[in-house]
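Just follow the structure's listing: the first ligand is 1, and inside any ligand the first atom is 1.
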Amino acid sequence: MDHLSLKYCNSLTEYSRFVTREVGIGDLKLGGNNPIRLQSMTTTDTMDTVATVEQSIRMINAGCELVRITAPSLNEAKNLENIKKELKGRGYNTPLCADIHFTPNAAEFAARVIEKVRVNPGNYADKKKFETIDYTDSAYEAELERIRTRFTPLVKICKEYGTAMRIGTNHGSLSDRILSRYGDTPLGMVESALEFLRICEDHNYFNIVISMKASNTRVMVQAYRLLVAKMIETNRNYPLHLGVTEAGDGEDGRIKSAVGIGTLLEDGLGDTIRVSLTEEPEYEIPVARELAERYSKRINHKAILPINGPLPYDPFEYERHETNEVINLGGHHTPRVIADLSMKEEITPASLFAVGYNYSVPLDKWNLTDLAVDYIYLGDKTINFEIPGTLGLIYNSQVWSEHSRHERAYPLFCGEEYFKSKEWSSKLNFVAVDSSVLTDDFITRIKSESNVCLVLDSFNAHTMPELRRMAIELRQQGCEVPIIIKCNYKDLSAEQFQLYSSTDLGGLLLDGFGDGIWIKQKECVSARDCNSTAFGILQASRTRISKTEYISCPSCGRTLFDLQETTQRIRERTDHLKGIKIGIMGCIVNGPGEMADADYGYVGTGPGKISLYKGKEVVKKNVTSETAVDELINLIRENGDWVEKPAVLDAN
Ligand code: SF4
């Protein structure tokens, strides 16, 4: 496949920022060698000048360098002038960006009065009818001409006024035309932006930033990579605005954003970040800052050996790397989770509570939650109680010898130690390796072992790329031993821990590597939070689904109900529906398109009115908001996806 030879970043092993052309947004310079810029979007009604100004100020004070405001019609576009004036009057010159969907007249007005406009190529010139039309080449060309006619006036205005533009493709709102020709694919997303970009270039207008957002982190990462590959091929270098759409709120929203955005940042891609959380917009900025700042000193990382030869996989298409099956690792098994309890003073049944096992004394039974780990690593510690039947224990090899008769107890060897040992498990042996151990000779010997699982470890500041190089090396040499990806963190804030681990592990999972994950952390978070992060990363990379997924929009001036409160209410009732995806979208204009592949949708249609969707089909229109959550549950029930919430057992 010619994909494999496409380059999508400067280096897969050495941190190097992909330098883009510098774009001016008022006084703000973005791209080039400028720092990664942080931005967010208001959620107020754009016609409410005071509320929008005050929210913008909260965002700016939090560190927001570019404020985006929705302009659904000409009226809101006109009010941007008042907002700008008021902000200026209060001493704030932060540039503003108008967010446009469907309304060229609003875009054309805004481009004259503020610093930037964002257009969505999926709906600037097209209304979505969810139709598949079979275009002939000439009909397709005629469509492109129609877009050119509709889009050119805006390009000319932006050029004349020195206004910047973002061509912001969204996976969920590709036009019927693009869908018909390219399908619902990363290539379709890239082509959608390129159609608009070519028009800008024909007018010698280059003050452009591009984004390729999706709620599905795999699609998002592949689309950005493909965009960069196409830019490299055609000598283009427009700055990239990174974001995962409809990421949700709280822990899930942060993990999902880090998996998508962080994976790209690791490879030096990205000039500005917007983290879309269903929370107050000023809360997005610290998350974006943590993500971006991690790379400010990355350039000095310890050297990683280069990758020889072509990649043994396609970085633009997801495929899980096939490995041997060893008990429940590798083969067709979803990635396993290993909890590290080796640093605990004493391990009791209560210690397992944090890793998903609740012991009921009256019933003398273990109750598993959806976040029950598969293995615990005990190091040199021992335990003296009966473990749950689904759990495996990993001991350091010397200690394991004393427990080797215990069912489901396995040794961990340190690299070469495995070959020197006189005793092994007949079922499963873990072998920890870092890049110094993983020589050609070692790989040749280990790949013929049938009861081994490798634990890839890295202590390089450029962790993810070093682990990726090790996984690539194994694959290139035909080694099909399952691999656990291990990451180590110490003395981080809870937010840093969550974002860093999501980036490092998520990046590998999105490339199809990893039959399991193991997070070792000291002084960062509780064992319970660490476990929740581990399962969250698997969920966000779509490699193991353990909970309900919420695709909720961040809300904006179009939102017709309190999105945060509603998301909470829906969560409370449905968070046990493992594997179901629920879209919670603020407006009917973009909501249905942008809720991606949600199984059910809750979409605001008017004040106090909600429409409910099954997939892309609207099934209950204009339900009152008081009864809408109940109706949603009825709909889930009618479709056979409802189960009752399990009763919670006491831990002890
Ligand atoms: S879906 Fe949400 S964020 Fe998107 S335009 Fe509608 S209300 Fe705004």
Inset, instruction - Not counting sequence neighbours, which residues clear side-chain hydrogen bond (donor to acceptor under 3.5 Å, both in side chains) with Thr559? List them please. - result: none
Legend entry - Modelled atom types, side-chain donor and acceptor of Asn82 and Thr49, under 3.5 Å: no
Inset, instruction - Please determine which of Glu279, Gln564, Arg254 meets the side chain to side chain contact (heavy atoms under 4.5 Å, CB included) test together with Asp249. - result: Glu279
Legend entry - Validation row, ring centre Phe18 to ring centre Tyr224 under 6.0 Å: no
Inset, instruction - Could you pull out all residues at least two apart from Tyr550 that satisfy ring pair (Phe, Tyr, Trp, His ring centres under 6.0 Å)? - result: none
Inset, instruction - For atom 4 (Fe) of ligand 1, grab the closest protein heavy atom and report residue, atom and distance to one decimal in Å. - result: Glu594 OE1, 3.9 Å
Inset, instruction - May I ask you to list the protein N, O or S atoms found at less than 2.8 Å from atom 8 (Fe) of ligand 1? - result: Cys556 SG
Legend entry - Pairs touching residues 44-72 that satisfy ring pair (Phe, Tyr, Trp, His ring centres under 6.0 Å), sequence neighbours left out: none
